[in-house]
Amino acid sequence: MTRLLSRAASATGLRVAELSGGTLRNAIPREAEAMVVVAQKDVAALNATIDELGAVFHAELGGIEPDLKLQISEEALPAQVMDLPTQQKLLMALSGCPNGVIRMSREIEGVVESSTNLGVIRSENGQVYIQCLIRSLIDSGRDYVEQMTRSIFELAGARCEFTGAYPGWAPNNDSAIMQTVRDCHEELFGTRPNIMVIHAGLECGLFKNAYPNWDMVSFGPTIRGAHSPDERVHIESVGRFWTLLLKVLEQIPVK
């Protein structure tokens with residue numbers, strides 16, 4: 001949406017009245033909407049820009065977003081629009097905002113170390129609110145991405161606040177509980193589980209930060225489309241997970 005608005009503003013003098021997108025900071029947005037104002041003489045140029053960028057987006061993203069759509073409709077004239085300097089700073093900051101994979105792990109091949117996603121944006125009462133979620137296996141990686149994000153938005157005149165961070169949870173190849181889970185899985189199901197390091201925000205990082213001596217492992221049933229309206233769970237895997245959980249609890253000594 002930012003790319004579209006920036007291009008259209010250059011071509012038509014478009015002015016933004018409202019901008020919204022995303023629902024949760026920990027999910028990749030599914031849609032975004034903008035209310036804009038253009039002069040009647042520029043409507044054709046706006047439609048042409050939308051068609052042009054629609055083709056560009058389909059060429060870039062069609063393989064993973066085959067249902068991608070750009071839609072435009074006529075609405076009642078809004079009461080106000082953003083002043084031009086604010087609009088320009090906002091679109092430039094959004095264009096420069098870090099988004100996606102920032103750095104891959106140097107310790108674990110194929111695993112993301114640090115990333116961020118621009119999850120939510122909404123405009124109301126003359127202000128624009130933007131939420132990102134920064135993730136990293138290491139706290140210094142998260143701090144680095146925070147610095148990048150703050151720099152971009154403060155240069156644009158925005159106020160930045162960082163809250164609700166997930167501390168890093170580094171993998172422990174010598175974890176005793178991980179070995180117990182592996183052995184129980186093999187005993188129950190006849191196969192060795194695939195032990196993976198994943199890139200996500202997990203409560204385990206919060207626990208580890210408060211109790212650094214805890215030994216932890218994260219496992220559960222198969223979930224698809226997490227944090228979206230398409231989220232679903234593989235029912236059969238729930239039963240396997242429950243059986244495994246009970247077996248693991250039986251093996252843990254009382255301390």
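Sequence positions, counted from 1, serve as the residue numbers for this chain.
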Does the side chain of Arg25 come under 3.5 Å of the side chain of Asn117 through a donor N or O and an acceptor N or O?
-> no
Within 6.0 Å of CZ in Phe207, more than 12 heavy atoms from elsewhere = no
Using modelled atom types only, decide if a donor and an acceptor are shared between the side chain of Gln87 and the backbone of Leu14 within a distance under 3.5 Å.
-> yes
Starting from the C-alpha separation in whole Å, work towards a yes-or-no answer on side-chain contact (heavy atoms from CB on, under 4.5 Å) for Val128 and Leu19.
-> CA-CA 8 Å; Val128 179; Leu19 183 59; 5.7 Å; no
Run the salt-bridge test on Asp67 and Arg30 with the 4.0 Å N-O cut-off and return the result as yes or no.
-> no
Pair Ile134-Met148, side-chain contact (heavy atoms from CB on, under 4.5 Å): steps then yes or no = CA-CA 11 Å; Ile134 300 170; Met148 293 171 60; over 6 Å; no
Which heavy atom in Ser95 sits nearest to a heavy atom in Thr2, and how many Å separate them?
-> OG-CG2, 3.2 Å
When rounded to the nearest 0.5 angstrom, what distance separates CD in Glu65 from NE2 in His58?
-> 10.0 Å
Within 6.0 angstrom of Glu236 CD, more than 12 heavy atoms from elsewhere | no
Specify the closest pair of heavy atoms between Ile152 and Pro98, including all atoms of both residues, with the distance to one decimal.
-> CG1-CD, 4.5 Å
So, Asp83 versus Thr86: side-chain donor-acceptor pair below 3.5 Å or not?
-> yes
Less than 4.0 Å between a side-chain N and a carboxylate O, is that true for Arg142 and Glu113?
-> no
On a heavy-atom basis, the closest approach of Asp215 and Ala176 is OD2-N, 3.0 Å
If we only count heavy atoms from C-beta on, is the Val16 to Val37 side-chain gap below 4.5 Å?
-> no
Might you confirm whether atom CZ of Arg159 has over 12 heavy atoms from other residues, nucleotides or ligands at distances under 6.0 Å?
-> no
Distance-only polar pair, side chains of Gln179 and Arg182, donor-acceptor under 3.5 Å = yes
Non-hydrogen atoms of Ser6 and Leu91 that approach each other most closely | OG-CB, 3.7 Å
For Gln251 and Cys184, the nearest pair of non-hydrogen atoms, with its separation, is CG-SG, 3.5 Å
Without hydrogens or angle criteria, can the side chains of Ser73 and Glu75 be said to hold a donor-acceptor pair below 3.5 Å?
-> yes
Measure the spacing between SG of Cys132 and CZ of Phe162 and express it to the nearest 0.5 Å.
-> 8.0 Å
4.5 Å side-chain heavy-atom contact, Arg7 and Leu53 = yes
Single-linkage hydrophobic cluster, 4.5 Å side-chain cutoff, Leu5 and Val43 together = yes
Between Phe153 and Ile130, is any pair of side-chain heavy atoms under 4.5 Å apart?
-> yes
Please confirm whether Arg240 makes a cation-pi placement over Phe189, using NZ or CZ under 6.0 Å from the six-membered ring centre and within 45° of the ring normal.
-> yes
So CG of Leu249 and NZ of Lys247: to nearest 0.5 Å the spacing works out to 11.5 Å
Do you know which two heavy atoms are closest between Met35 and Pro78, and how far apart they sit?
-> SD-CB, 3.8 Å
